[in-house]
Structure formats: structure tokens, C-alpha cells
Amino acid sequence: MGIRPSSTLKRALRLVWAAWLPLVAHAQPELSWFVTDWPPLFIFAKGQPPSQPADLGEGQVDRVMAELIARLPAYQHRFEALNSRRLWRAMAEGRPLCSAAALKTPERIALAYFTPHLRVAPPVLVVRAKGAERYLGADGRASLKALLERSDLRGRLEVDRSYGSQLDPLLVGSRALPRDSTSRIGQMAEMVAAGRVDYTLDFAHTIEYLRRQGRLREPLAALPLQEAGDWGLGYVACPRTPWGLAAITAIDLAIRQAAASRSYREAYIRWLPEPLRSQQQPQFEAFYDARALGGPQIE
């Protein structure tokens, strides 16, 4: 014969259940954000990845995430420090994880939902500022094809790094440039500044970050490349699951709300060097105007 709970215990259990039930009903879903140590896209404060939104640094994507998170109060926000390979493995597994630093490819579209949130600069030719004009053609851009044919100029790249679908096919074969392992962002550009090589490829915002950090022995120039293509789009990506669709729908709305604010519009472009920033400002303003006034752009 079982022991029946007393009336006092029953009342206590009812009180506990009454207090616990609203918490369950209103529990915030978690949204984990991808972060990685890659300045100035992400700048880890004190060298540590963020553990809460207040810990986000002053990087381009850091500030974008801060703006979006402020407009996503329904979620409890967390952060995971991953490399790109682990990020897309997590997407394939359907984990509740989103990235605000995603590039869309045919392979990735099967794994994730995407929505655009900024314009992304193509790679540039990095040379010493003194004499940089000798690399430019009549159109004001440098030619990687022409450089690869020259034996009097020393170029080097980072090992295992992709420089985008436009440039990668040029960087293989008999004219492939030597590649070195690196231990920090911008190390090849530092070699150019030190005069150890004549040129490398990188991003203009990386060169600006190195300049602001005082890491360049000599000033560098970031020259546009004929073969690099135009500016692309950067996306937020979430896994192609019911959770991911709900998250990307909320994020798309947050992007449209944030796109009207000056702080969101400045998050990426403020790390571009002059005169590139001034040249690109009208295109950025037009992009954000369209995002603020348009409807969802979820793919």
C-alpha cells in the first residue's frame, strides 16, 4: 500500500508547479553566434572570445552582431569560437548556431538559410606605398596576371588560404606563388612592409587594422585588382532546419530595422582606409536604404 502525500505537501507541490510553469512557457530560446579571432572582422577583447553580448569587441562583425542582438530580445545569445570548417560542420548537423560572417556558395545553400546584411570588399594587391603607382594600369587597377609573369617581383601568399573564386584559379600551376605558414593575421603584409617581399594579397580592412595597430614598418597601399571582381555580399547564415528558419526570419527583420541606424551602417565601413571608404560610401548607403525599406531577403 503506497504512502499518500499529506495535504500540506500537496499544497507545496502545487505552489512549486505554479511557479515553475510560467518559466517553462516563457523560456528564451538560445541563439549561438559564430565568432573567430580574425581582426578587424572580429576583435577579441583581451584576447578572449565573448561570453555575453557586452563582451563583443570593436570589430566589423562584432558591431554588426551587437546591433542585431539589441533587436532580438526574444533570444538568449551565446557565442562559439570556431574555425570555418567546424562552423559548416555544425551547420550540416543542424545545431542552433548562426554566423554573421558567412559567404554564400552553391554547396552551403543546401546547409543553411542566408540573408544579406552588408557589402564585402574583394581582395586587394598589397604593396609598399612608395612607388605603388607603378603597379597600376590605365584603368587605375593592378593586374595579377601581369604580376605573375614577372620574375623581377617577389610575391608570397599564406599557405592553405583561399583568395576567392575569382583569384584562386590564377594562383595555381607553373606560376603559382610561394606560400608560407603564418601565425597571425596580416603577417604576409608585414613582410611586404619590411621589404622581404614585393607584394601579397589580402583585404583593405586588414591593412588598415595593421596600420592602426602600428604593426607596419613602412606604409602600405591596398590596390584594386582587375581580376578580383566587384564587391560581393556578406550574409547571416543559420542552419536549414525549422529552428534555423525561425532564427533567420527574426534576424532578417532585425537587419531591416538596424539598417536605418547610423551605427549599423558604420560597423563595417569604418575599418576601410581612405580614400576607399569615401569611394564606397554612396554604394553602402544605397544598400542599407534598400534593406531598410525592402522586405525579407531570405534564401
Side-chain angles (χ1 to χ4, degrees), residues 38 40-41 84 101-108 118-182 184-211 216-235 268-269 271-280 282-284:
W38 191 351
L41 295 177
S84 180
L103 298 179
K104 187 177 66 172
T105 68
E107 297 78 17
R108 292 173 179 177
L118 54 81
R119 299 176 72 245
V120 176
V124 294
L125 179 71
V126 180
V127 299
R128 288 181 289 283
K130 184 177 181 180
E133 63 279 355
R134 67 189 174 116
Y135 293 92
L136 297 176
D139 62 352
R141 297 187 293 174
S143 169
L144 180 59
K145 289 181 180 178
L147 282 174
L148 293 175
E149 295 296 325
R150 295 184 58 172
S151 58
D152 60 320
L153 294 174
R154 301 161 299 162
R156 296 188 84 87
L157 304 175
E158 293 181 26
V159 70
D160 295 331
R161 178 174 177 179
S162 169
Y163 292 89
S165 60
Q166 302 279 351
L167 299 182
D168 282 348
L170 301 177
L171 300 172
V172 296
S174 59
R175 290 291 182 178
L177 294 174
R179 292 184 179 242
D180 292 339
S181 297
T182 57
R184 59 183 180 274
I185 298 296
Q187 190 170 340
M188 296 306 303
E190 291 177 294
M191 291 176 62
V192 176
R196 296 173 58 187
V197 293
D198 294 304
Y199 67 90
T200 190
L201 304 178
D202 215 309
F203 291 101
H205 52 245
T206 302
I207 305 310
E208 178 65 8
Y209 173 78
L210 298 177
R211 184 190 70 81
L216 299 176
R217 187 173 299 180
E218 295 289 340
L220 294 179
L223 306 179
L225 283 164
Q226 295 174 5
E227 300 88 354
D230 201 356
W231 286 57
L233 290 177
Y235 294 82
Y268 183 86
I269 200 171
W271 278 101
L272 296 180
E274 290 291 353
L276 183 60
R277 172 175 175 148
S278 296
Q279 293 169 355
Q280 290 296 321
Q283 291 90 330
F284 269 86

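Counting from 1, the numbers follow the sequence of the chain as shown.
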Test side-chain contact (heavy atoms from CB on, under 4.5 Å) on Thr182 and Met188 and set out the steps. CA-CA 8 Å; Thr182 57; Met188 296 306 303; 3.9 Å; yes
Report the C-alpha separation of Phe203 and Trp271 in whole Å, then their side-chain angles, then the decisive distance to 0.1 Å, and conclude whether the ring-ring contact (aromatic ring centres under 6.0 Å, His included) test is met. CA-CA 11 Å; Phe203 291 101; Trp271 278 101; over 10 Å; no
Within the side chain of Arg108, is there an N or O that forms a donor-acceptor pair under 3.5 Å with the backbone of Leu103? yes
After noting the C-alpha distance and the side-chain angles of Leu220 and Arg211, does the key distance pass the side-chain contact (heavy atoms from CB on, under 4.5 Å) rule? CA-CA 8 Å; Leu220 294 179; Arg211 184 190 70 81; over 6 Å; no
Heavy-atom pair with the smallest gap, counting every atom of Ala142 and Leu136: N-CD2, 4.0 Å
Return yes if some donor-acceptor pair links the side-chain N/O of Asp198 with the main-chain N/O of Gly155 below 3.5 Å, else return no. no
For Arg141 against Leu225, the heavy-atom pair lying closest together: NH1-O, 3.9 Å
Checking the side chain of Arg156 only, and the main-chain atoms of Arg179 only, is there a donor and an acceptor separated by less than 3.5 Å? no
Checking the side chain of Glu227 only, and the main-chain atoms of Leu144 only, is there a donor and an acceptor separated by less than 3.5 Å? yes
Name the orientation class of the two ring planes belonging to Tyr135 and Tyr199 (parallel below 30°, tilted from 30 to 60°, perpendicular beyond 60°). perpendicular
Please determine whether the number of non-hydrogen atoms from other residues, nucleotides or ligands lying under 6.0 Å from atom CZ of Arg161 exceeds 12. yes
Taking every heavy atom of Leu201 against every heavy atom of Leu171, the minimum-distance pair comes out as CD1-CD1, 4.0 Å
Rounded at 0.5 Å granularity, tell me how far OG in Ser143 sits from CG in Leu223. 12.0 Å
Give, for atom CG of Leu170 and atom CG of Leu147, the distance between the pair rounded to the nearest 0.5 Å. 11.0 Å
Could you tell me which non-hydrogen atom of Glu208 sits nearest to which non-hydrogen atom of Pro273, and how far apart they are? OE1-CB, 3.5 Å
To the nearest 0.5 angstrom, please state how far the CZ atom of Arg119 sits from the CD atom of Gln283. 5.5 Å
With rounding to the nearest 0.5 angstrom, report the OG1 to OH distance, Thr105 to Tyr235. 11.0 Å
Please say whether more than 12 non-hydrogen atoms of neighbouring residues, nucleotides or ligands are located less than 6.0 Å from CG in Asp139. yes
d(Leu276 CG, Ile269 CD1) to nearest 0.5 Å is 8.0 Å
Sidechain N-carboxylate O distance under 4.0 Å for Arg184, Glu190: yes
Can you list the steps and then say if Tyr163 with Glu158 is a side-chain contact (heavy atoms from CB on, under 4.5 Å)? CA-CA 10 Å; Tyr163 292 89; Glu158 293 181 26; 3.6 Å; yes
CH2 (Trp231) with more than 12 external heavy atoms under 6.0 Å: yes
For residues Tyr268 and His205, determine if any side-chain heavy atom of one lies less than 4.5 Å from a side-chain heavy atom of the other. yes
Hey, does Pro178 have a side-chain heavy atom less than 4.5 Å from the side chain of Leu157? no
Nearest non-hydrogen partners of Val120 and Gly234, listed with the distance: CG2-N, 3.2 Å
Derivation and outcome, side-chain contact (heavy atoms from CB on, under 4.5 Å), residues Met191 and Thr200: CA-CA 9 Å; Met191 291 176 62; Thr200 190; over 6 Å; no
Shortest non-hydrogen separation from Asp202 to Gly186 and the atoms involved: OD2-CA, 4.3 Å
